Participant: 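The structure under discussion is supplied below as structure tokens; questions concerning it will follow.
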Amino acid sequence: MKMIVGLGNIGKEYDQTRHNTGFMVVDALAKKYGVDHFKIHHEAMVGEFFSNGEKVLLVKPTTYMNDSGRAVRPLMDYYDLALTDLIVVYDDMDMPVGKIRLRQKGSAGGHNGIKSLIAHLGTEKFRRLRVGIEHPAHQKVVDYVLGRFTKEQKADFEIGVQNAIAALDDWLAGAEFSQLMNQYN
């Protein structure tokens with residue numbers, strides 16, 4: 001079993017905001033695989049499908065971004081998943097809009113959702129897929145990440161979502177993570 005966690009904030013006011021990049025990637029993956037029902041389980045919306053005969057959980061924590069680990073850790077325990085069966089998708093301000101980067105471990109880099117995951121999982125050694133949202137030029141960071149993509153950014157972001165889905169599909173198909181890093185980074 002594999003678990004793909006998209007980070008974001010619940011509620012209409014956060015829908016399609018830059019900080020909900022993880023949710024948007026999970027939603028695009030759900031659409032691709034015909035997942036039209038998410039149930040609430042351990043403070044998260046959880047959908048499932050099968051890929052190559054293996055169950056895949058799509059997870060969107062309902063705890064809000066800054067407390068994402070509170071939802072993810074109980075799910076990991078409930079399903080008895082190893083850290084190698086987890087990948088977390090989230091936004092990254094330090095990369096251009098739509099650029100993706102895979103990592104096997106690392107610090108939170110100032111991202112509060114990742115800080116929460118590190119605290120609840122007790123390690124920095126979990127796989128991540130970051131999607132660039134760019135750093136704001138003349139705007140407060142909080143206003144920028146909670147804002148929506150401009151028309152100019154939207155096309156690049158959609159390319160990033162499609163590249164993220166391709167990387168996730170390759171991971172689900174059994175590709176070595178180091179190979180994926182070389183291919184997509």
Side-chain angles (χ1 to χ4, degrees), residues 1-92 98 100 102 111-114 116-117 120-121 126-133 145-149 154-155 157-175 177 180 184:
M1 184 181 306
K2 301 276 191 233
M3 187 162 75
I4 300 170
V5 176
L7 299 187
N9 290 307
I10 59 168
K12 287 286 185 203
E13 66 270 32
Y14 300 110
D15 191 39
Q16 301 297 306
T17 61
R18 293 178 184 96
H19 218 25
N20 273 24
T21 291
F23 278 13
M24 289 186 267
V25 171
V26 164
D27 288 342
L29 205 54
K31 183 176 179 181
K32 176 179 179 175
Y33 285 99
V35 178
D36 55 6
H37 176 74
F38 282 75
K39 61 184 177 186
I40 299 296
H41 189 34
H42 286 92
E43 296 188 276
M45 293 180 281
V46 180
E48 56 186 59
F49 67 95
F50 285 84
S51 176
N52 299 312
E54 183 174 37
K55 185 186 277 190
V56 179
L57 302 175
L58 296 176
V59 176
K60 299 189 299 185
T62 60
T63 53
Y64 291 96
M65 177 69 77
N66 295 353
D67 209 7
S68 298
R70 194 176 89 211
V72 173
R73 179 58 193 246
L75 286 169
M76 296 285 297
D77 293 343
Y78 180 83
Y79 288 105
D80 195 28
L81 294 173
L83 286 172
T84 55
D85 295 324
L86 167 70
I87 191 165
V88 180
V89 184
Y90 62 102
D91 59 293
D92 189 323
I100 69 168
L102 294 127
H111 195 287
N112 290 329
I114 298 300
S116 175
L117 282 164
H120 283 84
L121 295 175
F126 58 90
R127 294 170 174 169
R128 306 114 189 267
L129 192 162
R130 303 180 327 212
V131 181
I133 64 167
V145 298
L146 296 179
R148 288 169 178 78
F149 290 100
K154 193 69 173 159
F157 178 72
E158 289 302 325
I159 291 168
V161 170
Q162 293 310 309
N163 287 336
I165 289 172
L168 291 167
D169 280 342
D170 288 346
W171 178 65
L172 294 174
F177 205 77
L180 295 176
Y184 288 98

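Side-chain atoms are counted along with the backbone in the values below, which use heavy atoms only and exclude waters and symmetry mates. Keep in mind that this is a model prediction, so the values were computed, not measured.
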Participant: Check for a donor-acceptor pair, side chain of R148 on one end and backbone N or O of D15 on the other, with a separation under 3.5 Å.
Facilitator: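 Present.
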Participant: Can any side-chain N or O of N9 pair as donor or acceptor with the backbone N or O of M65 at less than 3.5 Å?
Facilitator: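 Present.
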Participant: Does any N or O in the side chain of T21 come within less than 3.5 Å of the main-chain N or O of Y90, such that one atom is a donor and the other an acceptor?
Facilitator: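 Not confirmed, T21 side chain does not pair with Y90 backbone.
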Participant: For a quick test of your reading: what N or O donor-acceptor pairs under 3.5 Å do the side chains of residues 158-165 make, sequence neighbours left out?
Facilitator:
residue: E158; atom: OE2; partner: K154; partner atom: NZ; Å: 3.4
residue: N163; atom: ND2; partner: I159; partner atom: O; Å: 3.4

Participant: Show your reasoning for whether side chain to side chain contact (heavy atoms under 4.5 Å, CB included) applies to L29 and D169.
Facilitator: CA-CA 9 Å; L29 205 54; D169 280 342; 4.1 Å; yes
Participant: Side chain of E48, backbone of V56: donor and acceptor closer than 3.5 Å?
Facilitator: no
Participant: Under a 3.5 Å distance rule, please check whether R73 uses its side chain to pair with a backbone N or O of H120 as donor and acceptor.
Facilitator: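 Judged by distance alone, yes, a pair lies under 3.5 Å.
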Participant: How far apart are the C-alpha atoms of D77 and H42, what are their side-chain angles, what is the distance that settles it, and do they pass the side chain to side chain contact (heavy atoms under 4.5 Å, CB included) test?
Facilitator: CA-CA 10 Å; D77 293 343; H42 286 92; over 6 Å; no
Participant: Just grab all the ring pair (Phe, Tyr, Trp, His ring centres under 6.0 Å) pairs involving residues 1-32, residues at least two apart or on different chains.
Facilitator: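 For residues 1-32, and leaving out neighbouring residues, the ring pair (Phe, Tyr, Trp, His ring centres under 6.0 Å) pairs sorted by first residue read H19-H111.
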Participant: Assess the residue pair I100 and L129 against the criterion (side chain to side chain contact (heavy atoms under 4.5 Å, CB included)); give the C-alpha distance rounded to whole Å, side-chain angles, the decisive distance to 0.1 Å, and a yes or no.
Facilitator: CA-CA 7 Å; I100 69 168; L129 192 162; 4.2 Å; yes
Participant: Consider only side-chain N and O atoms of N112 and Y64, and report whether a donor and an acceptor are under 3.5 Å apart.
Facilitator: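 On atom types as modelled, these side chains do not qualify, holding no pair under 3.5 Å.
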Participant: Could you check, using the six-membered ring where one of them is a Trp, whether Y79 and H41 have ring centers closer than 6.0 angstrom?
Facilitator: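 Ring centres of H41 and Y79 closer than 6.0 Å.
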